Amino acid sequence: MSLVPVEASFFGQSTVALAQSLIGMLLVKETEQGIAAGWIVETEAYTGVADQAAHSFGNRRTARTEIMYHEPGHVYTYTMHTHCLVNIVCEPVGVAEAVLIRAVEPHIGLSLMQERRGLDKSLHQLTNGPGKLTKALGITMNDYGNHATKRPLFIAVGRQVEEISIGPRIGIPNSGAARHYPYRFWETGNPFVSK
DNA sequence: GGTACGATGATCT
DNA sequence: GATCATCGTACCC
């Protein structure tokens, strides 16, 4: 098992392309309690200035969205309804786009994830949602601004994915036409996707 | 199997 | 004070 972070150049592709490339990659988080990692099985692309569903729509720039304007590969975490969500920043400096990681398949540190999520949860309930996977892996707002090529939170080379499905994004009913964009990607048939 | 809804807190106006 | 890129439970097929 080699947990080697990917090269920074991996993140130098378009947001939509990266959202698909991330499917099958390994999301790794190291803490004092140990390592937890999961295969990424579901992502969503948020394409910034013209995407009404993106936090950076119209180039809105605040303390929260600041990291989206930086180099690709940075980690963008933020809280939503008491949950922490994790994104990977895309596109060159000044272009604020990102990929939301919506679900992973538990791979390393299963008992640690179960401990964090509650022992009554079945395996497939641990990480099949954006708020769930951050809790299972121990990802918090402290990871905001970390680069995904560096510990303790990074992307590692993953496995082959046979087929990727495409559909509209989830949970953005108030985003005008943007809600219909085919920007959600998941590994076809994988039982750990959020829906 | 499905849908409905309330809790909950950071962020922005 | 309004707005959410959510989750879990309740309830109804």
Side-chain angles (χ1 to χ4, degrees), chain A residues 14-16 18-20 22-23 27 29 38 40-70 72-91 95-106 113-146 148 153 155 165-187 189 191-195:
Chain A
S14 76
T15 302
V16 170
L18 185 62
Q20 296 173 76
L22 279 169
I23 303 287
L27 180 64
K29 172 69 195 246
I40 297 172
V41 298
E42 182 181 2
T43 62
E44 284 180 1
Y46 285 84
T47 57
V49 63
D51 181 357
Q52 205 173 150
H55 292 157
S56 52
F57 173 63
N59 273 337
R60 197 159 60 120
R61 187 165 189 158
T62 66
R64 180 177 67 158
T65 62
E66 176 64 29
I67 197 67
M68 294 181 73
Y69 292 83
H70 290 215
H74 279 100
V75 174
Y76 171 37
T77 53
Y78 84 100
T79 33
M80 158 66 39
H81 294 90
T82 73
H83 304 283
C84 181
L85 276 59
V86 64
N87 299 247
I88 303 295
V89 172
C90 305
E91 306 290 340
V95 182
E97 307 196 5
V99 173
L100 169 68
I101 299 175
R102 283 196 61 87
V104 306
E105 174 180 338
M113 293 191 208
Q114 222 146 28
E115 198 177 306
R116 286 168 172 155
R117 291 274 300 134
L119 297 175
D120 56 325
K121 304 285 193 306
S122 67
L123 181 64
H124 87 275
Q125 294 179 293
L126 290 180
T127 56
N128 63 336
K132 300 179 191 179
L133 76 91
T134 55
K135 186 172 180 189
L137 295 182
I139 297 170
T140 70
M141 285 305 292
N142 289 333
D143 294 305
Y144 181 97
N146 186 63
L153 176 60
I155 301 290
S165 297
I166 303 177
R169 292 172 292 186
I170 288 179
I172 50 166
N174 304 317
S175 303
R179 85 175 121 172
H180 303 301
Y181 294 175
Y183 282 175
R184 175 170 172 255
F185 308 96
W186 68 95
E187 181 176 0
F192 294 90
V193 302
S194 63
K195 202 174 138 189

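Chain naming here is simple, since letters A, B, ... match the order of the sequence lines and numbering starts at 1 in each. Both backbone and side-chain heavy atoms feed into the values below; hydrogens, waters and symmetry mates do not. Everything quoted here is computed from the prediction, not taken from an experiment.
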Closest nucleotide of DNA chain C for A:Asp120 versus for A:Gly171: which of these residues is on the 5' side? A:Gly171
What integer distance in Å separates A:Ile139:CD1 from C:dA5:P? 19 Å
Measure from NZ on A:Lys132 to P on C:dA5 and round the result to the nearest Å. 18 Å
Do A:His83 and A:Lys135 have side-chain heavy atoms sitting under 4.5 Å apart? no
Tell me, with the steps shown, if A:Glu91 and A:Thr15 meet side-chain hydrogen bond (donor to acceptor under 3.5 Å, both in side chains). CA-CA 7 Å; A:Glu91 306 290 340; A:Thr15 302; 3.3 Å; yes
Do any N or O atoms from the side chain of A:Thr43 and from the backbone of A:Ala19 form a donor-acceptor pair under 3.5 angstrom? yes
Check the distance between C:dA5's C1' and A:Ile101's CD1 and give it to me in whole angstrom. 13 Å
So does A:Lys135 get a side-chain nitrogen or oxygen closer than 4.0 Å to the phosphate oxygens (OP1/OP2) of C:dC7? no
Atom pairs under 3.5 Å: protein N/O with N/O of nucleotides 10-13 of chain B:
unit_1 : atom_1 : unit_2  : atom_2 : d
B:dC12 : OP1    : A:Thr62 : OG1    : 2.1

Does the pair A:Tyr46 and A:Arg169 meet the rule for a side chain to side chain contact (heavy atoms under 4.5 Å, CB included), with working shown? CA-CA 10 Å; A:Tyr46 285 84; A:Arg169 292 172 292 186; 3.3 Å; yes
Rounded distance in Å - NE2 (A:His81) to C1' (C:dG8): 13 Å
If you look at every strand shown and take non-hydrogen atoms under 4.0 Å, does A:Arg117 touch a base, only sugar-phosphate, or nothing? sugar-phosphate
Of all the nucleotides listed (B:dA7, C:dA5, C:dC7), which has the minimum atom distance to the side chain of A:Ile172? C:dA5
Between A:Ser194 and A:Pro130, is there a donor-acceptor pair closer than 3.5 Å when you use the side chain of the first and the backbone of the second? no
Please report, rounded to the nearest Å, how far the C1' atom of C:dA5 is from the CE atom of A:Met80. 6 Å
In terms of the nearest nucleotide of DNA chain C, which residue is placed more toward the 5' end: A:Ile170 or A:Gln125? A:Ile170
Side-chain (A:Asn87) to main-chain (A:Ala98) donor-acceptor, under 3.5 angstrom: no
Can you give the dot-bracket line for DNA chain C, using ( ) for pairs inside the strand, [ ] for pairs that cross earlier ones, | for pairs with another strand and . for unpaired bases, where Watson-Crick and G-U count if both distances are under 3.5 Å? ||||.|||||||.
Between C:dG8, C:dA5, C:dC4, which one does the side chain of A:Lys121 approach most closely? C:dG8
What does A:Arg169 touch in the nucleic acid at a heavy-atom separation under 4.0 angstrom: a base, only the sugar-phosphate, or nothing? nothing
Is there a donor-acceptor pair under 3.5 Å between the side chain of A:Glu44 and the backbone N or O of A:Ile170? yes
Separation of C:dC7 P from A:Lys195 NZ (nearest whole Å): 15 Å
Starting at CD of A:Glu44 and ending at C1' of C:dT6, how long is that distance when rounded to a whole Å? 12 Å
Check whether any side-chain N or O of A:Tyr76 sits under 3.5 Å from a backbone N or O of A:Leu100 as a donor-acceptor pair, and report yes or no. no
Residues which pass side-chain contact (heavy atoms from CB on, under 4.5 Å) with A:Gln114, listed by chain and number, not counting sequence neighbours: A:Leu119, A:Leu126
Whole angstrom value for the distance that separates P of C:dA5 from CD of A:Glu97: 17 Å
Would a distance-only check, ignoring hydrogens and angles, find a side-chain to backbone donor-acceptor pair under 3.5 Å from A:Arg116 to A:Leu137? yes
Looking only at C:dC4, C:dG8, C:dT6, the nucleotide nearest the A:Leu85 side chain is C:dT6
